[in-house]
Amino acid sequence: MDDGPDLSNNPYGSAVDIFADESVLKEDWQPAELPERASELEEIRNSLAPATRGVNAHNLFLYGKTGQGKTVAIDHELDLLAEYATSTDDLELSVVKTSANNQSTSYQLAGHLIKEIRGSGPKPSGIDQQSMFDLLYEELHDLNKTIIIVIDEIDSIGSNDDLLYELPRARKNGHLEDQWISVIGISNDLEFRDNLSPKVKDSLYDSEIEFAPYDATQLTSILERRADQAFYDGVLAEDVIPLCAAFAAQDEGSARQAIRLLYKAGELALNNEQDSVAEVHVREARDILERKRIEEGMRSLTNQDQLALLSVVALEVAGETPTRTRYVYQKYKSIADRLDTNQLVERRVRDHLQSLGMQGFLIAESRNRGIQGGNHYRFELKTDLETTLDILREDNRLHDLVADLSAAVNHSQ
DNA sequence: CTTCCACCGGAACCAGAGGGTC
DNA sequence: GACCCTCTGGTTCCGGTGGAAG
């Protein structure tokens, strides 16, 4: 009967067992198999295969929203290729893998790649673009014969795509002699391809693979595989996985999101000392994650973004949404006045409203009322009003203003 | 068929900060 | 210290636009 000290008063350790192996649900967990992406994997393999035959692999573009397995898929295939390379003398492979996140120009991306290849040291800059490219070629020269450069989030360089034109032609232009280079770009932005300059498309484009969003069925089987390892048997109520899958499918079809949801639901059950995960936990988890998403988004807003958002929020409170730009701007001016911040010109506020729309805080509907109304947008708040007010109130400078608005909400309720 | 509303959004330009090299 | 680079967040200016009204 006596098996160890009495822990009944110790706050750590739980009375219930939910997770068999929690790490399976973490962000950095790499699944060993991707049956839902079998055909995409095969396409990648076909594109890489020329490398094993002593020429350069095809350039390749992967498109798809976040959480569609693009990065996992490319890692998976490159691992296999590297494994093959070590087992044979035919292939001397160097893989340079980087994320273009925050590198918004070719110049910066080249600097970033140099830093990546060197493995340490500062990022070079302060020289002109061609010298930067030359520096990059020097670094590439020291690598193996077959070079594959993987650039994640390649869309962040926008239309400044000179480097993408240069790289695939390096050999032809005599910058490299005995080496084969190919580029794999990964993009979340489906329009990126269309905005590339024609000469880049020409030099870079061998093949592209689109990762379509997972549907609910696929998400369900992905979740089931994870859940098998992550949870103890019989812990999940029957409808938990389908519900997580359905929520995620409704949104972006992201596996990452679905897994987060399942993980959070499990944690909630655990924290409440319940021995099984039920539908309520999933719903609660969704609310928590949604709130977190808004909070994180708002934290990155600039002052002026906040003011523009606040203008729409104020109109929302007054029940005057959706509303056109003119009234938002009027409200904006009075708010800026009250807070004693500088007022921007209308054109700029329009930009801020536009970007709030893109970030999912506002709904911007374009319409046209002809001779009485012309062409204009109508804005309304997309996020939950109460939550938005809560979060905005945390900002000291906005506190009083938001408090007034909240009072108005409660009054009308 | 034309007119015209009232905003849309591209373009050119600017100041200031911040990253560097030589 | 002179000089080179880019980026952010702003301004000014202005031609463009689609559909209701006449």
Side-chain angles (χ1 to χ4, degrees), chain A residues 98-118 120-139 151 153-166 189 191-192 194-197 297-312 315 320-333 335-337 339-359 361-380 395 397:
Chain A
T98 188
S99 166
N101 191 15
N102 296 329
Q103 318 299 322
S104 62
T105 61
S106 280
Y107 182 87
Q108 293 209 331
L109 180 55
H112 194 64
L113 280 169
I114 292 166
K115 184 180 164 188
E116 199 76 15
I117 294 169
R118 287 177 176 164
S120 65
K123 179 176 155 185
S125 76
I127 53 179
D128 66 273
Q129 180 163 293
Q130 195 53 53
S131 312
M132 186 66 99
F133 288 176
D134 290 343
L135 206 53
L136 178 58
Y137 292 131
E138 273 175 37
E139 294 296 331
I151 307 172
E153 300 187 56
I154 198 168
D155 44 302
S156 60
I157 72 159
S159 57
N160 190 325
D161 50 15
D162 295 349
L163 183 63
L164 302 184
Y165 173 67
E166 285 263 331
D189 179 359
E191 283 167 28
F192 177 66
D194 305 330
N195 296 335
L196 281 173
S197 58
M298 282 198 189
R299 216 170 293 135
S300 67
L301 294 182
T302 63
N303 271 347
Q304 291 292 347
D305 277 330
Q306 285 185 334
L307 294 191
L309 179 61
L310 205 47
S311 312
V312 178
L315 291 165
E320 289 167 17
T321 50
T323 184
R324 50 166 61 209
T325 314
R326 185 173 41 180
Y327 301 127
V328 177
Y329 187 57
Q330 278 173 12
K331 193 54 129 186
Y332 163 83
K333 280 197 290 189
I335 287 178
D337 231 23
L339 293 174
D340 210 20
T341 44
N342 54 327
Q343 280 183 11
L344 303 184
V345 98
E346 193 211 323
R347 177 72 186 84
R348 195 80 247 289
V349 174
R350 281 210 306 264
D351 282 344
H352 282 295
L353 289 172
Q354 205 69 36
S355 93
L356 287 170
M358 301 238 278
Q359 293 173 70
F361 294 117
L362 300 180
I363 300 170
E365 179 212 3
S366 158
R367 69 206 309 250
N368 193 321
R369 282 290 105 116
I371 204 157
Q372 40 174 265
N375 230 346
H376 62 277
Y377 281 115
R378 297 214 304 169
F379 293 100
E380 63 188 304
D395 190 307
R397 290 161 310 131

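What's counted below: heavy atoms across the whole structure, side chains too, no hydrogens, waters or symmetry copies. Letters A, B, ... mirror the listed sequences (proteins, then strands); counts begin at 1.
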TODO: Check the pair A/Lys333, A/Asp337 against salt bridge (charged side-chain N to carboxylate O under 4.0 Å, His left out), reporting the backbone distance first and the verdict last.
DONE: CA-CA 6 Å; A/Lys333 280 197 290 189; A/Asp337 231 23; over 6 Å; no
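In the set C/dT12, C/dG10, C/dG9, C/dG9 carries the atom at the smallest distance from any side-chain atom of A/Thr302. For A/Leu344, the side-chain atoms get nearest to C/dG10 when compared with the rest of C/dA20, B/dC7, C/dG10.
For A/Ile371 and A/Thr325, each mapped to the nucleotide of DNA chain B holding its nearest heavy atom, the one lying further toward the 5' end belongs to A/Ile371. Map A/Gln372 and A/Arg378 each onto its nearest nucleotide of DNA chain B; the residue landing nearer the 5' end is A/Gln372.
Per the geometry, NE2 belonging to A/His376 stands 15 Å off P belonging to B/dC5, to the nearest Å. The interatomic distance linking A/Tyr327 (OH) with B/dA6 (P) rounds to 9 Å, in whole Å. Rounded to whole angstrom, the span from the CD atom of A/Gln343 across to the C1' atom of C/dG10 amounts to 14 Å. Per the geometry, CD belonging to A/Glu346 stands 13 Å off P belonging to B/dA6, to the nearest Å. What separates CD of A/Glu365 from C1' of B/dC7 is a distance of 15 Å, to the nearest Å. Taking atom CG on A/Asp351 and atom C1' on C/dG10, their separation rounds to 10 Å, with Å as the unit. The distance from atom OH of A/Tyr329 to atom P of B/dC8 is 13 Å, rounded to the nearest whole Å. A/Ile114 has its CD1 atom 14 Å from the C1' atom of B/dT21, to the nearest Å.
Using a 4.0 Å cut-off, some side-chain N or O of A/Gln354 falls inside it from OP1 or OP2 of B/dG9. Distances shorter than 4.0 Å separate some side-chain N or O of A/Arg348 from OP1 or OP2 on C/dG10. Contact annotation: A/Arg350 side-chain N/O to B/dC7 OP1/OP2 distance is not under 4.0 Å. Residue A/His352 places at least one side-chain N or O closer than 4.0 Å to OP1 or OP2 of C/dG10. OP1 or OP2 of B/dG9 sits under 4.0 Å from a side-chain N or O of A/Tyr377. Listed pair A/Arg324 / B/dA6 fails the phosphate criterion, with no side-chain N or O lying under 4.0 Å from OP1 or OP2.
In this structure, the side chain of A/Tyr329 does not engage the main chain of A/Arg350 through any donor-acceptor pair within 3.5 Å.
Counting only heavy atoms from C-beta outward, the side chains of A/Leu307 and A/His352 never approach each other to under 4.5 Å.
For the residue pair A/Asn375/A/Arg369, the side-chain donor-acceptor check at 3.5 Å is not satisfied.
A donor-acceptor contact under 3.5 angstrom links the side-chain atoms of A/Arg347 to the base of B/dG10. The base of C/dG18 sits with one of its N or O atoms less than 3.5 Å from a complementary donor or acceptor on the side chain of A/Asn368.
Taking OG1 of A/Thr341 as the start and CD of A/Gln343 as the end, the distance is 7.5 Å to the nearest 0.5 Å.
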